[in-house]
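The next block holds one structure in the form of structure tokens; read it before the comments.
Because the structure is a prediction, the values reported are computed rather than measured. Just so it is clear: chains get the letters A, B, ... in the order the sequence lines come, proteins before strands, and each one is counted from 1.
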Amino acid sequence: MFKELDPLLHSQLRLAVMSILISVESADFVFLKQQTDSTAGNLSVQLDKLSAADYIVVKKSFVGKKTRTTCHITKTGREAFERYVENLKTYIQH
Amino acid sequence: MEERNINEQESLEIIATMIEQTREKVIRQAGMPFLTWGYTTSVIALLIWYLIGTTGLHQWHYLWFGIPALGWPLSIATRRTQKKGYTTYVDRSVANIWLVFGTTVILCSVMAFFVVQMPILFLVLLLMSMGVMLTGLVIRFPVAIGFGLFGILASFAFLFIGSLHQILYFAVVFFLMMVVPGHILYHLTRMKHV
């Protein structure tokens, strides 16, 4: 029996971001952009979607005169990711 | 990458690739203390061995304090230039391992110089080998585990070797134990991204 995959995670860029954030304590916008090879605009939109679902927290701070955007995964996000992987297994096993 | 739907196979590939790439970056960063402290200590030890050997003056032993004096600014400088863009539990664990072992080594050195006689090179090598081995265990890097174990075993030889040869032996073991795994670590992770 196939289990439904979370539509918020079942997208290339959002899943990549969540996979990175699950492996670190926090990551900044530039690092996520480099690792996912995405555009700033697209990444920003996807981060907003994940943040709105309470999967990640996005914090903006200043380093000197530059703004720095840092993201970390929440407990809800971690649980959603683990559930996604568990559900994904049902597809692979069949 | 862009915003598009994916199939289940692609999902698995994305998860595996992103986690593996991030892990490799974390491991490569963990190799930097090996190189910074390995080179600093080996070079200063060789310098002391050479200077005492040629001049016969034991005041050159004060150069040992050049290791923290040079090593700390170098560590801070390399951290600043790396601009990692992320923090991890592994980072924090490795940093804490070196903070504890580094502080203990400095305390032992000060005690050995000014308070009470002790086999300081044996202690320093033993403590630093433990740091290398623990770092290897945390980052799951067998080369560092092996070289750390080698350092622990080699340190006991200091209890039987004469004073001036001790310093040369110390420099060589330190180089093998820290610089070699540091370079292997760096090149292994770099090669995967070429």
Side-chain angles (χ1 to χ4, degrees), chain A residues 2-50 63 66 68-73 81-82 84-94, chain B residues 1-32 76-99 135 137-141 185 188-194:
Chain A
F2 295 129
K3 291 184 177 173
E4 194 189 348
L5 295 173
D6 184 343
L8 197 60
L9 295 181
H10 200 55
S11 109
Q12 193 186 30
L13 186 49
R14 289 194 295 268
L15 185 61
V17 168
M18 290 294 282
S19 301
I20 294 166
L21 292 179
I22 202 99
S23 341
V24 298
E25 271 185 291
S26 67
D28 70 21
F29 187 84
V30 177
F31 178 74
L32 290 173
K33 187 170 163 292
Q34 283 170 350
Q35 290 292 98
T36 57
D37 195 21
S38 57
T39 63
N42 195 8
L43 179 61
S44 187
V45 170
Q46 304 315 322
L47 290 181
D48 284 344
K49 285 184 185 176
L50 291 169
V63 179
K66 288 182 180 172
R68 184 174 185 232
T69 305
T70 316
C71 309
H72 71 259
I73 201 163
F81 186 84
E82 285 167 2
Y84 180 85
V85 173
E86 279 303 311
N87 292 349
L88 198 57
K89 283 181 189 169
T90 64
Y91 288 82
I92 306 302
Q93 283 159 1
H94 284 85
Chain B
M1 267 187 196
E2 53 196 28
E3 162 58 8
R4 69 172 178 87
N5 285 330
I6 44 179
N7 62 37
E8 293 72 32
Q9 191 58 41
E10 284 177 302
S11 290
L12 273 181
E13 282 167 15
I14 290 168
I15 293 169
T17 308
M18 288 299 134
I19 290 177
E20 184 55 26
Q21 273 182 16
T22 310
R23 185 173 172 270
E24 281 172 9
K25 284 213 167 203
V26 170
I27 288 176
R28 193 194 303 187
Q29 301 288 341
M32 287 314 287
I76 293 165
T78 46
R79 276 190 188 187
R80 278 188 187 161
T81 51
Q82 279 174 338
K83 286 184 184 171
K84 300 184 302 183
Y86 63 87
T87 58
T88 68
Y89 303 104
V90 170
D91 276 346
R92 204 144 39 90
S93 305
V94 170
N96 286 337
I97 285 171
W98 289 109
L99 181 70
T135 303
L137 288 166
V138 169
I139 65 173
R140 287 179 287 159
F141 183 54
L185 193 55
L188 275 180
T189 49
R190 198 177 163 190
M191 272 164 60
K192 288 191 179 179
H193 293 281
V194 171

Check: Any chance the side chains of Ser11(B) and Tyr84(A) put a donor and an acceptor closer than 3.5 Å?
Finding: yes

Checklist line | Contact winner vs chain A - Thr87(B), Thr17(B), Thr88(B), heavy-atom pairs under 4.5 Å | finding: Thr87(B)

Check: For chain B, which of Cys71(A), Ala27(A), Pro7(A) has the most heavy-atom pairs under 4.5 Å?
Finding: Ala27(A)

Check: Can you say whether Phe29(A) sits under 4.5 Å from chain B via the side chain, the backbone, both, or neither, judging by heavy atoms?
Finding: neither

Checklist line | Considering all heavy atoms, the nearest Lys33(A)-Thr39(A) contact | finding: CE-C, 4.4 Å

Margin query: If you compare all heavy atoms of Leu21(A) against all heavy atoms of Ile73(A), which two are closest, and at what distance to 0.1 Å?
Written below: O-CG2, 3.9 Å

Next item on the list: Taking all non-hydrogen atoms of both residues into account, name the closest pair between Lys49(A) and Arg14(A) and its distance.
Entry: CD-NH1, 3.4 Å

Next item on the list: Check whether Ile22(A) gets within reach of chain B through its side chain, its backbone, both or neither, counting any heavy atom under 4.5 Å.
Entry: side chain

Item checked: Exercise: identify the closest heavy-atom pair between Glu25(A) and His72(A) -> O-CB, 3.2 Å

Check: Is it the backbone or the side chain of Val85(A) that comes under 4.5 Å from a heavy atom of chain B, or both, or neither?
Finding: side chain

